Amino acid sequence: MAALPGLEQSAVAVLKRAVELDGGSKFQEALICYQEGIDLLIQVMKGTKDIKKAHYRQKITDYMDRAEQIKKHLEKEKEEGKYHNQIKIPENGTGFSYENLFKPYINETLTEVWVEDPYVRHVHQDNGKEQQMSALHEIKQSLEGYGITLEISFSSSIHDREIRFNNGWMIKIGRGLDYFKKPQGRFSLGSCDYDLRLCHETSVDIFHIKHTKKT
């Protein structure tokens with residue numbers, strides 16, 4: 001019972017964010033927040049035995065109705081090939097980690113990801129070709145431990161930057177994946193937590209196409 005106030009505060013915070021995203025027409029992100037907030041509120045309701053139980057039940061119903069409306073709207077846009085969402089990352093902006101950026105578009109149907117980026121091998125502390133290949137090979141070996149296969153190929157003609165998921169999502173980032181600024185030091189905020197890492201200004205465009213396949 002002691003944990004209920006904290007759980008309720010978390011639910012309120014997540015649902016408040018859902019409403020803000022909803023109002024800004026960020027429907028995919030709003031749907032994720034609605035779902036997370038509803039789950040938290042259900043836990044709160046289950047641990048409540050007083051008159052507030054009916055209040056929570058009504059709130060859950062209202063949020064579920066709105067989430068279902070958003071879900072139907074998104075499905076319609078996907079079917080018609082009209083889905084497009086743009087995220088503006090400001091200069092020195094924070095809160096744009098890869099997890100935050102890609103999480104709304106990852107689900108149980110995702111099994112393959114294709115990344116095309118002309119500068120994906122370039123990192124701040126790693127400019128030699130041999131070091132770059134060694135780093136990519138290390139990533140490949142590490143992923144194998146999680147049952148993930150990394151295939152690497154090179155092209156002398158790639159200029160576009162895009163990430164394609166085989167569940168239909170396609171993400172284009174103006175600067176590619178290298179939109180983070182170099183941290184000020186090993187122990188500075190943002191050195192390990194990319195949500196706290198300063199960003200370069202860029203735009204992220206998200207589309208959904210019915211069939212995504214490697215070309």
Side-chain angles (χ1 to χ4, degrees), residues 1-90 93-111 113 146-148 163 165-171 173 189-190 192-197 199 203-210 212:
M1 285 294 183
L4 279 182
L7 200 61
E8 183 175 11
Q9 289 176 3
S10 296
V12 169
V14 174
L15 289 167
K16 181 179 178 182
R17 180 58 178 159
V19 173
E20 291 173 351
L21 290 166
D22 192 351
S25 298
K26 305 295 184 182
F27 298 124
Q28 185 66 36
E29 297 96 320
L31 181 59
I32 298 296
C33 287
Y34 275 128
Q35 291 169 338
E36 291 179 355
I38 288 167
D39 287 342
L40 289 170
L41 208 54
I42 288 174
Q43 294 179 51
V44 174
M45 184 187 70
K46 287 180 177 179
T48 303
K49 296 182 178 179
D50 55 26
I51 195 171
K52 291 183 70 176
K53 201 177 191 77
H55 169 75
Y56 291 134
R57 185 178 290 110
Q58 184 58 54
K59 284 291 185 181
I60 290 168
T61 299
D62 292 342
Y63 287 127
M64 287 182 71
D65 287 345
R66 180 54 187 158
E68 188 61 28
Q69 290 173 2
I70 291 176
K71 190 175 181 180
K72 289 179 179 179
H73 171 73
L74 289 174
E75 288 300 327
K76 185 172 184 292
E77 283 195 329
K78 292 174 189 177
E79 286 295 321
E80 296 175 352
K82 294 179 179 179
Y83 184 93
H84 175 223
N85 182 28
Q86 185 176 76
I87 299 170
K88 292 283 189 179
I89 299 179
T94 58
F96 297 97
S97 65
Y98 294 137
E99 181 180 2
N100 276 346
L101 199 62
F102 299 127
K103 184 179 178 181
Y105 313 101
I106 296 174
N107 56 33
E108 66 279 358
T109 65
L110 177 64
T111 58
V113 178
Y146 293 88
I148 300 172
I163 300 162
F165 296 171
N166 71 336
N167 60 4
W169 294 107
M170 181 168 63
I171 301 169
I173 307 175
L189 293 177
C192 297
D193 189 341
Y194 274 63
D195 270 325
L196 301 176
R197 179 78 67 89
C199 298
S203 295
V204 182
D205 288 281
I206 301 105
F207 305 89
H208 188 277
I209 53 178
K210 200 168 184 181
T212 301

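Computation of the quantities below employed the complete heavy-atom set of this structure, encompassing side-chain atoms and omitting hydrogens, waters and symmetry-equivalent molecules. Computed from a predicted model, the values in this text were never measured in an experiment.
Atom NZ of Lys71 sits in a sparse spot, with 12 or fewer heavy atoms from other residues, nucleotides or ligands closer than 6.0 Å. Remark: Leu110 CG is packed, more than 12 non-hydrogen atoms of other residues, nucleotides or ligands lying under 6.0 Å away. Summarising the local packing, NZ of Lys53 is surrounded by more than 12 heavy atoms from other residues, nucleotides or ligands at distances under 6.0 Å. Within a 6.0 Å radius of CD in Glu99, no more than 12 heavy atoms belonging to other residues, nucleotides or ligands are found. Residue-environment remark: CD1 (Ile148) exceeds the threshold of 12 foreign heavy atoms within 6.0 Å.
Atom-to-atom distance recorded for Leu15:CG and Tyr63:OH is 5.0 Å, nearest 0.5 angstrom. To the nearest 0.5 Å, atom CD1 of residue Ile42 and atom CZ of residue Arg57 are 11.0 Å apart. Taking CD from Glu29 and CG from Asn100, the interatomic distance works out to 10.0 Å, rounded to the nearest 0.5 Å. The distance from atom CD1 of Ile60 to atom CG of Leu41, rounded to the nearest 0.5 Å, is 4.5 Å. From Tyr34, atom OH reaches atom CG of Asp62 across 10.5 Å, with rounding to the nearest 0.5 Å. Atoms CG and CZ, from Asn107 and Phe165 in turn, are 10.0 Å apart once rounded to the nearest 0.5 Å.
Ala11 and Leu40 make their closest contact through CB-CB, 3.7 Å (heavy atoms, listed as atom of the first residue, atom of the second, distance). Residues Gln28 and Pro104 share a closest heavy-atom pair of NE2-O, 3.0 Å. Arg197 approaches Gly190 most closely through the heavy-atom pair NE-O, 2.5 Å. Across every non-hydrogen atom of Thr94 and Leu196, the tightest pair is CG2-O, 3.9 Å. Closest approach of Leu21 and Cys33 over heavy atoms only: CD1-SG, 3.8 Å. Annotation for Ser97 and Asp195: closest pair OG-OD1, 2.9 Å, computed over non-hydrogen atoms.
In this structure, Val204 and Phe96 have side chains that are not in contact, with every pair of non-hydrogen atoms separated by 4.5 Å or more. Annotation: side chain of Ile171 is in contact with side chain of Ile206 (closest heavy-atom distance under 4.5 Å). Taking 4.5 Å as the limit, some side-chain heavy atom of Asp22 sits within range of a side-chain heavy atom of Arg66.
The closest donor-acceptor contact from the side chain of Lys82 to the backbone of Glu77 lies at 3.5 Å or more, if one exists at all. The backbone N or O of Ala54 sits nowhere less than 3.5 Å from a side-chain atom of Lys59 that would complete a donor-acceptor pair. At distances below 3.5 Å, at least one donor-acceptor pair connects side-chain atoms of Asn167 with backbone N or O atoms of Tyr105.
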task = With salt bridge (charged side-chain N to carboxylate O under 4.0 Å, His left out) as the test, would you mind laying out the steps for Glu20 and Arg17 before giving the verdict?
result = CA-CA 5 Å; Glu20 291 173 351; Arg17 180 58 178 159; 3.6 Å; yes
message = Evaluate Lys78 against Glu75 for salt bridge (charged side-chain N to carboxylate O under 4.0 Å, His left out), listing each step before the verdict.
response = CA-CA 5 Å; Lys78 292 174 189 177; Glu75 288 300 327; 3.8 Å; yes
message = Please determine whether side chain to side chain donor-acceptor pair (under 3.5 Å) holds for the pair Gln43 and Asp39, giving the CA-CA distance in whole Å, both sets of side-chain angles, and the decisive distance to 0.1 Å.
response = CA-CA 7 Å; Gln43 294 179 51; Asp39 287 342; over 6 Å; no
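A salt bridge links Glu36 to Lys103: at least one charged side-chain nitrogen sits closer than 4.0 Å to a carboxylate oxygen.
Taking the six-membered ring where the residue is Trp, His208 and Trp169 present perpendicular rings, their angle passing 60° and hence far from 30°.
Side-chain contact, Glu8 with Tyr56: a donor N or O sits under 3.5 Å from an acceptor N or O.
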